[in-house]
Participant: 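One structure is given below, represented as structure tokens, and several questions about it will come after.
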Amino acid sequence: MQEYIILFLILFFTVAFIGCLYLAKKAMVKTKNEPGKNIPFESGHLHKKPVWGRYHIHYYGYALLFLAFDMEMAYMYPWAVVYKKLGIAALLDMGVFLLILFLGLLYTWSQGGLRRQ
Amino acid sequence: MMMWILILCLFCVSIYAISVVEHWSIYRHWDFMYPFSAFASSFVQEDVKPRMHDRTFLQTAPILFIVAAVLSVSVLPFAKEFILVKLGTAALFINAAFAYIMVSMVLAGWAPNGLYSMVGGWRFLGQLIAYSMPIVMAITSTVMRAESMDMTEIVKSQYELWNIIYQPLGFILFYLASLALAFLPPFDIPNSLGELSGGVFSEYTGKKLLIFRIGRLILIFSLALATANLFLGGWFGPFLPGFVWIFLKTGAVAISYFFFGRLMPRLRHDHSLEWSWKYGTPLALINILWVGILLLL
């Protein structure tokens, strides 16, 4: 419990430090409003449409694979803590689980999923 | 109490040194006043907000960035008894904190409604998918050896043999992944000045950019500290007291980031994705197997 209070205090003091910086800054400088100053940088010509449109994320295949492996990591941490105690049984249990995931990775590779789509 | 003040001073000196070395690695000359002049110039810079920005994200992204970096420092030990927050799940906690770096970077890319920052944000997300598995698995294999997620226990498990010798593969993967996490040179496509005109940070000026830059220095420090604790034996070392050793190791790792980065060409994000999933993740799994077999012997 005490640890989390300290963590919260660290968080609070970091935000407070930023707040002080912002306040000091506000007292010192003012932004002048000028036409054309607040246009996003786009090398001279502006985008016709807003940028928050559809963007093709070329790595969606990897993202699916990442999701599978990320779920596996949730099991990995508690397993790693008790690993030495359980011995060879733990290695085999996790080995089978990882092998299945690894076969998935190999299958994705064989189907060309590890290329830019 | 005196020790804590000393550690705080050493922390500030490390941040200063990282900043100076980063300046040297870009401009190739020593400028020891650079951190102060950069601070002053960012501090008085006008704070221009792009039109049609997303207000919430624009304000929260820098704060989230620096908070995540500070929280990841706070669970890492500086010496045997000197750890800000002694968590039982520290190894998991630093992972969670590093995940928020990605969140804040994507928010920062989204918020200003500028093309370059948006592309930078998406690229950083792609980079996350590449580096996150090696970094997580490298930490897991150190947890396996220590039988605990407590950072102090992880350091204590390296009393006889440092993890860098016990599991060199894990160290290499962690090192490369931490370069990608802090978007340092070979992996700096989300923020590179030459390619994306600053990328995620291209629309940020003034105080927000300043917060980002301080946060990045703390992030580099925290990654180097994590490397020192997880793989380089933490506070163990002959002759000198523990906290001196840890700052020496952290400084050496942080400085090596800049020297290593300049030796390599910039990696495209699809290349880093491809190589990380074809070689990085299988190698990380092999590292876990290697540690598992060594532990059973």
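Within every chain, numbering begins at 1; the chains are lettered A, B, ... in the order of the sequence lines, protein sequences first and strands thereafter.
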Participant: Between B:Tyr279 and A:Trp109, what is the ring plane arrangement, given parallel below 30°, perpendicular above 60°, and tilted in between?
Facilitator: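 Ring orientation of B:Tyr279 relative to A:Trp109: perpendicular.
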Participant: With the side chain counted from C-beta on, respond yes when A:Val81 and B:Met149 share a heavy-atom pair under 4.5 Å apart, and no when they do not.
Facilitator: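 Yes - at least one pair of side-chain heavy atoms lies under 4.5 Å apart.
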Participant: Please classify the contact of B:His271 with chain A as side chain, backbone, both or neither, using a heavy-atom distance under 4.5 Å.
Facilitator: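 Contact with chain A: none, neither part.
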Participant: Using a 4.5 Å cut-off on heavy atoms from C-beta on, say whether the side chain of B:Met133 contacts that of A:Met73.
Facilitator: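 A:Met73 reaches B:Met133 side chain to side chain.
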Participant: Quick check: does any side chain N or O of A:Lys25 sit under 3.5 Å from a backbone N or O of B:Phe43, one acting as donor and the other as acceptor?
Facilitator: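 Yes, the answer is positive, given that a donor and an acceptor are paired below the 3.5 Å cut-off.
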Participant: To the nearest 0.5 Å, what is the distance between CD1 (B:Ile139) and OH (A:Tyr77)?
Facilitator: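 Rounded to the nearest 0.5 Å, the CD1-OH separation comes to 4.5 Å.
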Participant: Using every non-hydrogen atom in the two residues, find where A:Glu3 and B:Lys86 come nearest and quote the distance to one decimal.
Facilitator: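 Of all heavy-atom pairs spanning A:Glu3 and B:Lys86, the closest is CG-O, 3.2 Å.
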Participant: How many angstroms lie between CD in B:Glu147 and NZ in A:Lys85, if you round to the nearest 0.5 Å?
Facilitator: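 Separation between the atoms: 7.0 Å.
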Participant: Identify which part of A:Glu72 has an atom lying under 4.5 Å from any heavy atom of chain B, answering side chain, backbone, both or neither.
Facilitator: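 It is the side chain, since no backbone atom gets that close.
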Participant: Taking all atoms of both residues into account, what is the closest heavy-atom pair of B:Val67 and A:Thr14, and its distance?
Facilitator: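 For B:Val67 and A:Thr14, the tightest heavy-atom pair comes out as CG2-CG2, 4.1 Å.
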Participant: Heavy-atom distance under 4.5 Å between the side chains of B:Ile211 and A:Tyr22, does that happen here?
Facilitator: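 A side-chain contact under 4.5 Å exists here.
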Participant: If you round to the nearest 0.5 Å, how far is CG of A:Leu91 from CD1 of B:Ile293?
Facilitator: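 Nearest 0.5 Å value for the CD1-CG distance: 6.5 Å.
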Participant: Output yes when a side-chain donor or acceptor of A:Tyr83 lies under 3.5 Å from a complementary backbone atom of B:Gly292, and no otherwise.
Facilitator: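 Judged by distance alone, yes, a pair lies under 3.5 Å.
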Participant: Can you see which heavy atom on A:Leu7 is nearest to which on B:Ser74, and at what distance?
Facilitator: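 So the minimum-distance heavy-atom pair works out to CD2-OG, 3.5 Å.
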